[in-house]
Amino acid sequence: MTDIKLSEGSLKAIMSGEDVQNPVMQILGTKKIPGGNTERYRVLISDGVNINSFAMLATQLNDLIVNGSLCEFTIVQIKRHIVSGVASNSAMNRSVMIILELDIIKTGTEIGFKIGNPQSLTADSSSTQQPAVVAKPQTNGSSTAAASGNRTNGIGGAGGSATQTHPIVSLSPYQNKWTIKARVTNKTPIREWNNARGSGKLFSIDLLDDSGEIRATMFNAECDRFHDMIEKDKVYFISNCTLKPANKKFSSINNDYEMSFTHATTVIPCNEEEVGDMPSVKYTFVPLKSIVEISPDENIDVLGVCIDAAELSSVTGKTNQKTYTKRDITLVDQSQASVTMTLWGKDAETFDASNKPVVAVKAARVQEFQGGKTLSLSMSSVLSLNPDIPEGHKLQGWYSNQSNTKFEPVSQRTGGGAGAGGNMILIREIQDQQLGMGDKADYCSVRGIIQVFRGSNTTYKACPSQDCNKKVIDQNNGMYRCEKCAKEYNTFNYRLILPVMIGDWTNSVWVTLFQAEAESILGVTAQDVGESTEDHPSLKKALFSQYAFRLRAKMEHYNDEKKLKITCAGIKKIDHLDLSKKFIAEIKELAGLGSAN
DNA sequence: CCCCCCCC
């Protein structure tokens, strides 16, 4: 027998809206809830007298299921929970208990049996010990009307306790009789749109409660009605909105749905007392190292120490002539990676990196730049400096103990080596993986031997002005005309465009090398090659040398013909000793030899 | 119903 006592009757009390502190219960089973993009688990939980099969685990506790900590018979103490709208016995059938925080008191294997003979709470609630219960009395005067049931008509008065609102995670398009109590964690300015499908204006907000978050958008009339009223960081009761599946591409908000306000929507500000301990941001941080795996245009939450910040600069938009202020900052974290993140406008102007602040960003946009990944803040991003959150303090503590840590730069454009973002592949795999077949360029790295040079016409006469490099036209009078600069010069620079065939044991491909990489391989300057009247001898010397090539593959269209164009975005010498060590380690691990771990 | 979010 066990000496642990379950909190008998606590489930009944909780589901009736009573405030029960730290009840001890037993897990009798867990089950993954099918559908949806978010992994979510339902738990069968017992207090020794009753079983509740309408309990769910907040997603931040999913790990406990995955690592087996919440197996059958586990005894837990529930430290924090919420219940969806309950006020009457009849509503119990539909209410859901969400476990937000728990401690494991004893593992399931230690216990090994079901305690007591608990009966289903929902199937037979009339026969259980207590009569019908109503929600605990409210603290303000407007409670009488509100306490009569699971309200279907939005907020009646300004009342409403936590037990009478619905958790955000419980919202779905299939049920629209709900009221949420949520904090506005972000609010966009009004934006107007005009496209083939019509025009209008809108703004959106991000809403957060203990259970989760959701984005809400206000169009046209609702845009006018709510824009001035709704304030960032304030808490509101909101009801009567419509829900639809969220398009993940445009938001990092962790919810499969998003809501639109309608003419029927009501929004009531919470008074101070009602706000309670409503959380103020919910992050799902991505380790900086993993950013290489994330597709461009996705939004992610990141946390890092800012170890460097560039000067403020300004850029002009490509499509409009607007000037934007920007500042690039560098973040590092415990994954021993660094990333470049661009701040814009006011965030850029006011940013101060002098004290190496911890920076948290909700919804930073992932971008690809020359094969590396960078981050950029957008309209929907929220920047927070030295946030008062456990992860932030932990990171700060960790960083203060680092001295010579080398950070893998995920934003670096060249990365010929096998480092982060290197995705070292075999040359055959360029075809196998259909690299370059999509709309965007694909990057990869290969180890290849230079097998063939195109020996002649490897240089061209380029515009001498800074950063132009366009081909100039020899006017045959000592002057060279650049069409791009619309100018004539009395000089030019030679530049290299060097097609080479590189191969490994699986295949060969033609790759175009440009100035820097070509000079590095040849060991001579473009000028030398250009001025040489015959094929430069350096070409022969470089033949059969081996490098790690960073490649960029993209489909190019010439008239009706499509052709895969592969250019070199960087090269790196191969450290054969180091590489051999890596191979040996891999072989050992594959063969199950030695002590890899 | 938007989904623009910038520059190398």
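Each chain gets a letter, A, B and so on, in the order the sequences are listed, and its residues count up from 1. These numbers were taken from a predicted model, which means no experiment stands behind them.
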Side chains of A:Ser239 and A:Thr266, donor plus acceptor under 3.5 Å: yes
In whole angstrom, what separates [X]'s [atom1] from [N]'s [atom2]?
X: A:Lys373; N: B:dC8; atom1: NZ; atom2: P; answer: 21 Å
X: A:Asp328; N: B:dC8; atom1: CG; atom2: P; answer: 12 Å
X: A:Glu192; N: B:dC3; atom1: CD; atom2: P; answer: 12 Å
X: A:Asn247; N: B:dC4; atom1: CG; atom2: P; answer: 10 Å
X: A:Phe203; N: B:dC2; atom1: CZ; atom2: P; answer: 17 Å
X: A:Glu311; N: B:dC7; atom1: CD; atom2: P; answer: 21 Å
X: A:Phe219; N: B:dC4; atom1: CZ; atom2: P; answer: 13 Å
X: A:Lys326; N: B:dC5; atom1: NZ; atom2: C1'; answer: 14 Å

Among [options], which nucleotide sits nearest the side chain of [X]?
X: A:Met379; options: B:dC7, B:dC5, B:dC3; result: B:dC5
X: A:Trp193; options: B:dC4, B:dC7, B:dC3; result: B:dC3
X: A:Phe369; options: B:dC7, B:dC2, B:dC8; result: B:dC8
X: A:Thr342; options: B:dC7, B:dC3, B:dC2; result: B:dC7

NA contact type, [X], heavy-atom cut-off 4.0 Å: base, sugar-phosphate, or nothing?
X: A:Ser313; answer: nothing
X: A:Thr316; answer: sugar-phosphate
X: A:Arg215; answer: base

More than 12 heavy atoms from other groups under 6.0 Å of CD on A:Gln431: no
Distance below 4.0 Å between A:Arg197 side-chain N/O and B:dC2 OP1 or OP2: yes
Under 3.5 Å donor-acceptor pairs involving side-chain atoms of residues 196-208 of chain A, not counting sequence neighbours:
{"residue": "A:Lys201", "atom": "NZ", "partner": "A:Asp224", "partner atom": "OD1", "Å": "2.7"}

Base B:dC5 to side chain A:Gln367, donor-acceptor N/O within 3.5 Å cut-off: no
Donor-acceptor pair present, A:Glu258 side chain and B:dC3 base, under 3.5 Å: yes
Test: A:Arg481 and A:Glu483 ion pair at under 4.0 Å: yes
Contact list for residues 325-364 of chain A, test ring pair (Phe, Tyr, Trp, His ring centres under 6.0 Å), sequence neighbours left out: none
